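Just below is one structure, and these are the notes that go with it.
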Amino acid sequence: MTTIDFSARKRDGRKISMVTCYDSTFAKIIDKTNIDTILIGDSCAMVMHGEETTIPARIDWLAEHTRSVRNGTGKFIIADMPFLTTRRGADYATECAGRLLQSGANAVKIEGVWGQEDVIRHLVMSGIPVMAHLGLTPQFYQAFGGHKVQGKTDEAAAKIVEEAKKAESLGCFSLTLECIPSAVARKITGEVGIATIGIGAGADCDGQVLVLQDLLGLSGFKPKFVKQYLDGLSLVSDALNSYDADVKGGAFPSAENVTK
């Protein structure tokens with residue numbers, strides 16, 4: 001995958017699959033699959049660091065997670081620009097985005113468009129591919145009063161559609177649409193020439209993204225828009241309990257596990 005492939009897939013009607021990843025172990029597994037692209041999300045704050053929101057994520061975290069993932073895969077990587085990194089001017093945003101690309105990302109993702117049009121334009125003109133993230137933008141958790149579906153009224157929906165078109169005009173190569181009504185996502189997907197990647201935005205987007213630990217059933221988090229493809233919690237717990245039982249019962253290590 002390249003940035004050009006996103007729009008090509010849209011034109012050809014070929015869906016794009018994306019999952020999050022934060023470490024080289026899972027990256028090596030994903031690398032051997034048909035998954036198209038990887039997102040190193042600021043969701044690492046919650047999934048990997050135990051925080052309640054994405055707001056505590058820092059640029060050094062994202063850079064290190066990006067480096068770890070790149071060490072495990074050759075797939076196209078998009079890395080999140082964490083909280084406030086795009087709100088301190090174009091110079092600071094460029095420095096942060098540059099760190100992510102130098103760590104192995106192919107592109108960056110920015111939450112929202114309004115108020116940072118100059119930053120997005122500057123990054124694109126600097127050769128840094130940008131994906132815009134619209135709808136429920138978790139970095140705006142405090143302003144939204146929690147994780148709530150966006151674009152439910154006609155006025156709110158129209159603003160998101162307008163924002164999507166603005167993102168395209170600024171040079172963004174793709175859009176993430178999170179937790180918006182499917183009708184709104186369908187309208188955006190039909191009216192922009194760049195690919196839309198949905199999460200909780202219905203089936204009409206040009207692709208879908210899920211948090212890896214959610215789809216593997218490892219996180220215990222299962223909102224309506226998540227489909228679990230594995231009961232990871234039970235499988236891992238059972239394996240650990242089997243190991244515990246073998247250690248305490250003397251079955252491990254056995255002769256075949258001992259170096260002679």
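All figures in this text were calculated on a predicted structure; none of them were measured in a lab.
- Sequence neighbours left out, not one pair with a member in residues 230-242 passes salt bridge (Lys or Arg N to Asp or Glu O under 4.0 Å).
- Residue pairs meeting the ring-ring contact (aromatic ring centres under 6.0 Å, His included) criterion with at least one member in residues 173-232, sequence neighbours excluded: Phe6-Phe173.
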Please list every donor-acceptor pair under 3.5 Å in which a side-chain atom of residues 190-197 meets a protein atom from a residue at least two apart or in another chain.
unit_1, atom_1, unit_2, atom_2, d
Glu191, OE1, Lys165, NZ, 2.8
Glu191, OE2, Lys187, NZ, 2.6
Thr196, OG1, Thr189, OG1, 2.8
Thr196, OG1, Asp206, N, 3.1
Thr196, OG1, Asp206, OD2, 3.3

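- Identified under the salt bridge (Lys or Arg N to Asp or Glu O under 4.0 Å) test for residues 65-84, with sequence neighbours left out: Asp80-Lys109.
- In this view, Ser17 and Asp36 satisfy the side-chain hydrogen bond (donor to acceptor under 3.5 Å, both in side chains) rule, not counting sequence neighbours.
- Among residue pairs with one or both ends in residues 27-70, those qualifying as ring-ring contact (aromatic ring centres under 6.0 Å, His included) are His49-Trp61, His49-His65; sequence neighbours excluded.
- By the side-chain hydrogen bond (donor to acceptor under 3.5 Å, both in side chains) test, Lys248 pairs with Asp244, sequence neighbours left out.
- One N or O on the side chain of Ser169 and one on the backbone of Lys166 form a donor-acceptor pair closer than 3.5 Å.
- Checked by atom type and distance alone, the side chain of Asp246 never pairs as donor or acceptor with a backbone atom of Tyr243 at under 3.5 Å.
- The stretch residues 118-127 participates, sequence neighbours left out, in these side chain to side chain donor-acceptor pair (under 3.5 Å) pairs: Thr94-His122, Asp118-Arg121.
- Take Thr85 and apply the side-chain hydrogen bond (donor to acceptor under 3.5 Å, both in side chains) test, not counting sequence neighbours, and it matches no residue.
- When each of Val113, Val119, Val124, Val130 is tested with Leu170 by the rule side-chain contact (heavy atoms from CB on, under 4.5 Å), just one qualifies, namely Val113.
- No side-chain donor-acceptor contact under 3.5 Å links Ser182 to the backbone of Ala201.
- Qualifying side-chain contact (heavy atoms from CB on, under 4.5 Å) partners for Asp154, counting only residues two or more places apart in sequence or in other chains: none.
- A side-chain donor-acceptor contact under 3.5 Å links Asp31 to the backbone of Gly74.
- For the pair Gln116 (side chain) and Gly112 (backbone), a donor-acceptor distance under 3.5 Å is present.
- The number of heavy atoms from other shown groups lying within 6.0 Å of NZ (Lys159) does not exceed 12.
- Residues satisfying the salt bridge (charged side-chain N to carboxylate O under 4.0 Å, His left out) test with Arg186, not counting sequence neighbours, are Asp204.
- No donor-acceptor pair closer than 3.5 Å links the side chain of Asn71 to the backbone N or O of Ser24.
- In this structure Leu230 satisfies the side-chain contact (heavy atoms from CB on, under 4.5 Å) test together with Leu216, Leu235, sequence neighbours excluded.
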